[in-house]
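Just follow the structure's listing: the first ligand is 1, and inside any ligand the first atom is 1. A quick note: this is a predicted structure, and the numbers were derived from the prediction, not measured. Heavy-atom basis, side chains included; hydrogens, waters and symmetry copies ignored. Residue indices begin at 1 and follow the sequence shown.
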Amino acid sequence: MSSCHKAYITTPIYYVNDIAHIGHAYTTIIADTLARYSRMSGLDTFFLTGTDEHGQKIEESAKARGKSPQEYADEISATFKNLWDEFGISYDKFIRTTDKDHMKGVQKAFKVMYDNGDIYKDVYKGHYCISCETFFPEIQLVDGEFCPECGKPTTVVEEESYFFKLSKYQDKLLEWYDAHPECILPRSKRNEVIRFVEGGLEDLSITRTSFDWGVKLPEELNDPKHVMYVWLDALMNYVTALGYGTDEAKMDFWPARVHLIGKDILRFHAIYWPAFLMSLGLELPKHIAAHGWWTRDGEKMSKSKGNVINPKEVADAYGLDNFRYFMLREVPFGGDGDFSQKALIDRINSDLGNDLGNLLNRLIGMSGKYFEGRVDASNVTRYYQAELDEVEASLDKLEPLLFEMQIHRYLEELWRPLTVANRAIDKYQPWTLMKEGKEEEAMALNGLIATILAKVAVMLYPVMPQICPKIATALGFTIDNASWQKLIKEKELIKAFTIEKVPPLFPRIEEPLLEQEKPDDTKKEAPKAPVKKEEKKEEGVALIGIDQFFQTSLKVGTVVKAEEVPKSKKLLLLQVDLGEEKPRQIVAGIKEWYSAEDMLDTQVCVVANLKPAKLMGYTSEGMLLAAKDEDGLCMIRPEKPKKPGTPIG
Ligand code: ME8
């Protein structure tokens with residue numbers, strides 16, 4: 001049985017009736033993050049993913065394409081595996097339910113449950129939804145016919161079937177939920193499950209005779225016309241992957257530390273699966289963690305709308321690690337999330353570019369300018385103990401947050417040390433320290449910043465496994481169990497090193513990099529009611545949705561340099577600080593009303609996500625907001641001074 005030094009982490013196994021989309025990538029990336037953290041922290045880790053290949057749905061999809069189910073499953077399973085390989089997903093095993101060992105294990109499990117008296121034969125009469133691969137009692141159907149989950153028509157099934165005595169486990173399940181408040185995460189989901197089980201459990205039909213594409217019953221039962229219900233087959237993957245029923249050497253990883261799933265399949269994992277395990281006499285998983293649903297720009301994704309997000313396209317366009325960070329940071333685990341390019345770009349430019357990338361650049365700049373690239377943290381505790389304490393207090397909170405699946409809070413908390421670092425530079429000003437001859441103090445500040453960056457890089461590594469090693473290299477160390485031990489567990493400072501310059505890790509992104517997909521014309525939406533003219537226009541201006549408004553990035557900036565554009569009557573050339581790595585150059589047509597001197601050191605409002613344009617040979621990277629009437633033009637400015645880069649909206 002699994003000791004506390006082992007961590008077994010699983011994703012659902014994905015149906016091979018479709019290719020991977022953002023939802024599959026999300027589950028897999030969370031699991032990968034947990035697995036990477038487990039390994040880095042020295043746990044013996046086993047990370048499982050794979051594909052679910054049997055059942056009526058797959059049989060029908062294959063038929064529709066003129067392929068055998070096996071051929072079809074081979075093809076689609078490979079697309080999942082290839083994508084995870086391209087994404088560097090660190091799985092230890094990719095299981096397929098058509099694997100021989102898996103099928104043997106499922107047969108063994110069936111036999112054990114049968115011998116325990118938990119399986120009996122009867123006739124199943126009822127409704128089946130092929131799309132959800134789920135039986136529904138008549139009472140749950142919508143209008144007596146349609147699936148309550150997906151809305152598709154169900155088929156009436158009346159066939160001989162083996163049943164699993166689920167009802168027998170009702171009380172034991174309730175005891176388990178009660179004794180283990182964290183068995184289902186987030187905890188609110190556990191209450192839903194408890195209410196469902198308290199409502200009464202019916203025995204579960206676990207074999208079918210009306211199609212063929214599934215695992216046969218154990219030979220001893222001598223009943224060849226039955227195949228196993230696809231969910232029984234699929235759930236067993238979590239133990240057959242460890243060798244259950246064949247070579248059981250890896251069974252010491254059981255029970256799973258966490259089964260990661262989407263909320264759509266919680267009932268199978270939180271009710272059927274523990275009941276099967278009880279029947280098999282196996283321990284129950286430590287956690288079943290159900291995440292929410294991704295939509296796109298506020299809408300459900302579907303092929304007919306043409307708005308399904310291809311994770312590879314997003315990762316190729318925006319960077320895999322940026323995509324990973326976005327998905328994990330944007331949505332509280334368990335809640336639904338909306339994918340929009342604007343939200344992704346904001347996370348990259350703000351959290352990653354401004355807070356993290358910029359800090360590394362500041363460190364490289366300071367060390368280069370004052371110390372020929374040297375960084376030495378020996379005197380940090382002498383000058384900056386308060387800052388260190390604040391950083392360590394945040395870092396101490398991280399590990400529990402991760403395994404409670406509060407991954408967004410993990411990342412939020414991990415950003416606090418970056419704020420401490422950025423604030424320390426602004427407060428202690430290395431340039432002033434150097435001017436005042438306080439070289440030791442300035443070097444200690446350098447050491448503080450490097451130490452913070454190193455610790456953040458270690459803890460961010462599981463989420464951003466490509467970029468964090470680059471940060472570590474610049475800081476002269478490698479991310480592994482030893483550095484995690486020293487920097488995180490033992491709270492050590494970074495060893496003295498000479499910094500390496502790195503190209504900017506998070507180049508600013510000004511506009512969406514992916515084209516919006518067009519709806520599929522073959523499946524036109526129902527015509528919408530015509531919009532009345534007065535609803536559409538206001539004073540001749542087309543009305544826009546709030547989403548369109550938020551596509552404009554408006555920010556407060558401070559003019560740090562202003563000069564005239566030679567030979568131009570209208571243009572001033574401004575450098576405007578927007579809180580970014582370097583000021584933006586903005587060419588403004590305001591010279592008739594403002595001189596360069598008028599503008600210097602004033603605050604302005606800037607449209608920050610315009611495509612750069614050239615005016616009189618100068619690139620302009622933004623536009624100032626101003627109001628103009630017959631009396632002339634005036635700038636729009638914040639009423640009180642605001643930090644450069646403060647968003648307006
Ligand atoms: O259910 N948002 O496989 P599946 C978030 N084979 N996650 C999503 C999503 C979305 N829009 N769409 C899918 C099955 N997912 C079974 C599982 S396990 C023993 C058998 C994710 O291919 C989410 O994790 O339909 C969901 O649970 C999983 O994909 C379902 O994948």
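Scanning all protein heavy atoms for the shortest distance to atom 29 (O) of ligand 1 gives H24 CD2, 3.3 Å. Ranking protein heavy atoms by distance to atom 8 (C) of ligand 1, first place goes to G23 CA, 3.3 Å. Given atom 17 (C) of ligand 1, the protein heavy atom at minimum distance is I13 O, 3.2 Å. Closest protein heavy atom to atom 28 (C) of ligand 1: Y14 CE2, 4.0 Å. Distance from atom 12 (N) of ligand 1 to its nearest protein heavy atom, with residue and atom name: H21 CE1, 3.0 Å. Atom 25 (O) of ligand 1 has Y15 CD1, 3.5 Å as its closest protein atom, hydrogens excluded (heavy atom only). At the top of the distance list for atom 30 (C) of ligand 1, counting protein heavy atoms only, stands D264 OD2, 4.0 Å.
In this structure, W273 has no heavy atom closer than 4.0 Å to ligand 1. At least one heavy atom of H291 sits under 4.0 Å from some atom of ligand 1. Residue-ligand proximity: H269 is placed with a non-hydrogen atom under 4.0 Å from ligand 1. Taking 4.0 Å as the cut-off, G337 does not count as a neighbour of ligand 1 on heavy-atom distance.
Side-chain atoms of R36 do not come within 3.5 Å of backbone N or O of M464 as any donor-acceptor pair.
Note on ring orientation: taking the six-membered ring where Trp is involved, the planes of F253 and F46 are tilted (angle from 30° to 60°). Using bins of under 30°, 30° to 60° and over 60° for the plane-to-plane angle, the ring pair W294/F326 lands in the tilted bin.
Considering only non-hydrogen atoms, atom 9 (C) of ligand 1 lies nearest to W293 out of Y238, W293, Y26, W294.
Just one of Q56, K225, E159 meets the side chain to side chain donor-acceptor pair (under 3.5 Å) condition when paired with S210; it is E159. Tested against Y91, the residues T49, T11, D85 include a single side chain to side chain donor-acceptor pair (under 3.5 Å) partner, D85.
Listed by atom number, the atoms of ligand 1 under 4.0 Å from G292 heavy atoms are 5 (C). Taking every heavy atom of D52 and a limit of under 4.0 angstrom, the matching atoms of ligand 1 come to 6 (N), 16 (C), 20 (C). Against a heavy-atom cut-off of under 4.0 Å, A234 is close to the following atoms of ligand 1: 19 (C).
Residue W231 touches ligand 1 through its side chain alone, judged by heavy-atom distances below 4.0 Å.
Within 6.0 Å of atom NZ in K104, 12 or fewer heavy atoms from other residues, nucleotides or ligands are found, so the atom counts as exposed in its surroundings. More than 12 non-hydrogen atoms from other residues, nucleotides or ligands lie less than 6.0 angstrom from NZ of K121. Atom CD of E248 has more than 12 heavy atoms from other residues, nucleotides or ligands within 6.0 Å.
For the pair T27 and ligand 1, the shortest N or O to N or O distance falls below 3.5 Å. Residue G262 places at least one N or O, backbone or side chain, under 3.5 Å from an N or O of ligand 1. The distance criterion of under 3.5 Å between nitrogen or oxygen atoms is not met by I265 with respect to ligand 1.
Under a 4.0 Å N-O distance rule, the pair R39/D44 does not qualify as a salt bridge. The residues D32 and R324 are annotated as salt-bridged, a charged nitrogen and a carboxylate oxygen being separated by less than 4.0 angstrom. Using a cut-off of 4.0 Å between Lys/Arg side-chain N and Asp/Glu carboxylate O, R96 and D52 are scored as not salt-bridged.
Because its NZ or CZ atom is both nearer than 6.0 Å to the ring centre of Y128 and within 45° of the ring axis, R208 counts as a cation-pi partner of that residue.
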